[in-house]
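Read through the structure below, which is laid out as structure tokens, and then see the notes.
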Protein chains: 2
Amino acid sequence: MRNQPQVASDAGLSKQRVVAEAIRLADREGVDGLSMRRLAGELGAGAMSLYHYVANKDELLDAMIDVVFEEIELPPEDTDWQSAMRQRAVSARQVLARHPWALGLMESRTSPGPANIRHHEAVLACLRRAGFPILMATHAYWVLDSYVYGFALQEAGLPFDTAEELAAMAEDVFLPQLPPEEFPYLNESAGALVAAGQGPPEEFIFGLDLVLDALGRLRPSA
Amino acid sequence: MRNQPQVASDAGLSKQRVVAEAIRLADREGVDGLSMRRLAGELGAGAMSLYHYVANKDELLDAMIDVVFEEIELPPEDTDWQSAMRQRAVSARQVLARHPWALGLMESRTSPGPANIRHHEAVLACLRRAGFPILMATHAYWVLDSYVYGFALQEAGLPFDTAEELAAMAEDVFLPQLPPEEFPYLNESAGALVAAGQGPPEEFIFGLDLVLDALGRLRPSA
DNA sequence: ACCGGTTTCGTACGCCGTACGAACGAGCGA
DNA sequence: TCGCTCGTTCGTACGGCGTACGAAACCGGT
């Protein structure tokens with residue numbers, strides 16, 4: 001029962017290589033396209049070989065999620081708390097947009113991996129050092145993470161990624177499907193978004209700063 | 001190609017009955033336990049009979065999600081906007097906590113159902129009538145929904161539902177797994193939550209009011 | 001040359017979604 | 001009453017899934 005080798009060479013499997021290839025496959029084909037046989041094929045191995053590195057598919061999925069968490073930048077320690085939180089949130093949104101399947105997996109799997117825990121700890125540390133009392137720091141964490149995850153979840157459901165694509169889709173898909181007399185406000189809103197050239201990144205920053213601002217107002221002693 | 005009967009009687013299938021039973025099954029066993037054969041068995045029918053009411057499993061999942069959206073209360077029209085938004089958000093959290101599988105499904109399926117669209121329209125209408133300019137109402141919608149979905153997603157990942165369960169789990173599971181010297185802030189935070197008797201509902205309201213408050217500050221002309 | 005452990009994987013079982021087409025049954029014109 | 005039509009039910013089968021099981025291949029140490 002030795003540990004797995006911690007570096008992945010070109011030939012030879014390892015837990016890291018299996019998980020990394022699984023992530024690549026899920027990014028490319030969606031999580032439904034990720035099967036043990038397919039993944040093994042991608043690695044040039046037989047399906048059952050994978051089970052030497054992961055106990056079962058669930059453990060593989062857990063490991064994939066934790067690698068995703070590793071990709072999210074920790075809050076930097078050399079700036080004010082608002083900049084640190086903003087930077088971490090922006091990084092989280094980027095990572096989750098890159099691996100949209102990760103969000104769908106978070107429901108269902110309950111036990112957080114080590115990277116997830118390390119992240120939690122670092123964020124709480126940043127807030128506490130900034131002067132938030134214990135309970136308030138916990139509240140702040142919940143609010144921020146809820147916003148980030150929820151935004152990423154909504155973004156994953158969008159059929160477009162940029163403001164330009166939004167404009168194109170609005171013309172072709174939304175308006176024909178949403179009669180203005182029945183849904184006046186939706187039409188109005190879609191039009192305004194198109195006119196303003198707002199895409200998901202700008203929208204994200206708006207809400208993020210709103211929340212950070214509100215949290216700043218709760219911080220004692222300014 | 002007549003329409004399906006719109007009422008479900010005890011005997012006889014219908015799209016409504018199929019979807020309703022599918023939801024009950026997913027609530028009970030999780031979305032992984034929902035298979036066409038199983039669902040058909042639950043309805044006392046053969047597996048292939050279901051395909052007269054849904055084109056395939058994906059369409060079934062879409063229909064399930066839209067029924068979930070129907071369960072969420074629309075913002076009432078006879079109060080101020082903040083109360084209306086709070087009421088709708090609380091309802092959404094309750095519904096999503098009742099059907100946690102729905103969140104995991106939202107990623108992957110992109111086209112919103114009619115109930116989802118109606119909901120969107122009603123919320124935008126409420127915000128616009130409260131005096132928010134178009135773009136600001138759209139921003140507000142994104143922030144609120146991101147918070148609600150994200151909170152529900154995090155809540156779905158928790159292995160406990162109430163403050164009491166949290167206290168019990170903290171003692172038995174978290175603390176042994178999180179050495180205080182390595183994760184001082186997590187331990188501190190868990191302890192504070194237990195001491196304060198905070199459960200998910202209270203936590204949700206805190207962030208919700210924080211966001212509603214911040215949005216109120218952005219509303220023109222007070 | 002042999003051995004014990006590590007790593008690979010061929011085969012098989014019981015699930016899954018669903019294509020195909022046959023069986024069924026109620027309503028209806030003759 | 002017969003036979004026809006057409007909406008509905010479902011038996012069978014196919015390819016793919018996760019993975020239990022055990023055999024084979026490989027490898028460092030003697």
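Predicted model only: the values in this text are computed from it and were never measured. Side chains are part of it too, since the values below use all heavy atoms of this structure and drop only hydrogens, waters and symmetry mates. In what follows, every chain begins at residue 1, and chains take the letters A, B, ... in the order their sequences are listed.
In this structure, the NZ atom of B:Lys15 is 17 Å from the C1' atom of D:dG7, given to the nearest Å. Rounded to a whole Å, the CG atom of B:Leu43 is 11 Å from the P atom of D:dC10.
Taking the ring-ring contact (aromatic ring centres under 6.0 Å, His included) definition, one finds that B:His99 meets it with B:Trp101, sequence neighbours left out. For the salt bridge (Lys or Arg N to Asp or Glu O under 4.0 Å) test, residues two or more places apart in sequence or in another chain that qualify with B:Glu29 are B:Arg38. Partners of A:Glu59 by salt bridge (Lys or Arg N to Asp or Glu O under 4.0 Å), not counting sequence neighbours, listed by chain and number: A:Lys15. By the ring-ring contact (aromatic ring centres under 6.0 Å, His included) test, A:Tyr51 pairs with no residue at all, sequence neighbours left out. Shown here are the salt bridge (Lys or Arg N to Asp or Glu O under 4.0 Å) partners of B:Glu77, two or more places apart in sequence or in another chain: B:Arg129. Evaluation of the salt bridge (Lys or Arg N to Asp or Glu O under 4.0 Å) rule for A:Asp66 yields no partner, not counting sequence neighbours.
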Practice task
Summarise how protein sits on nucleotides 8-17 of chain C as a single string, 5' to 3': B when a protein heavy atom is under 4.0 Å from the base, S for sugar-phosphate-only contact, - for no contact.
Solution key: BBBBB---BB
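The salt bridge (Lys or Arg N to Asp or Glu O under 4.0 Å) contacts involving residues 89-104 of chain B comprise B:Glu71-B:Arg98, B:Arg93-B:Glu155, where partners must be two or more places apart or lie in separate chains.
The overall bend of the helix from C:dA1-D:dT30 to C:dA30-D:dT1, read as the angle between its terminal helix axes built from five base pairs each, is 30° when rounded to 10 degrees.
In this structure, B:Phe206 and A:His139 have parallel ring planes: the angle between them is below the 30° cut-off, well short of the 60° mark.
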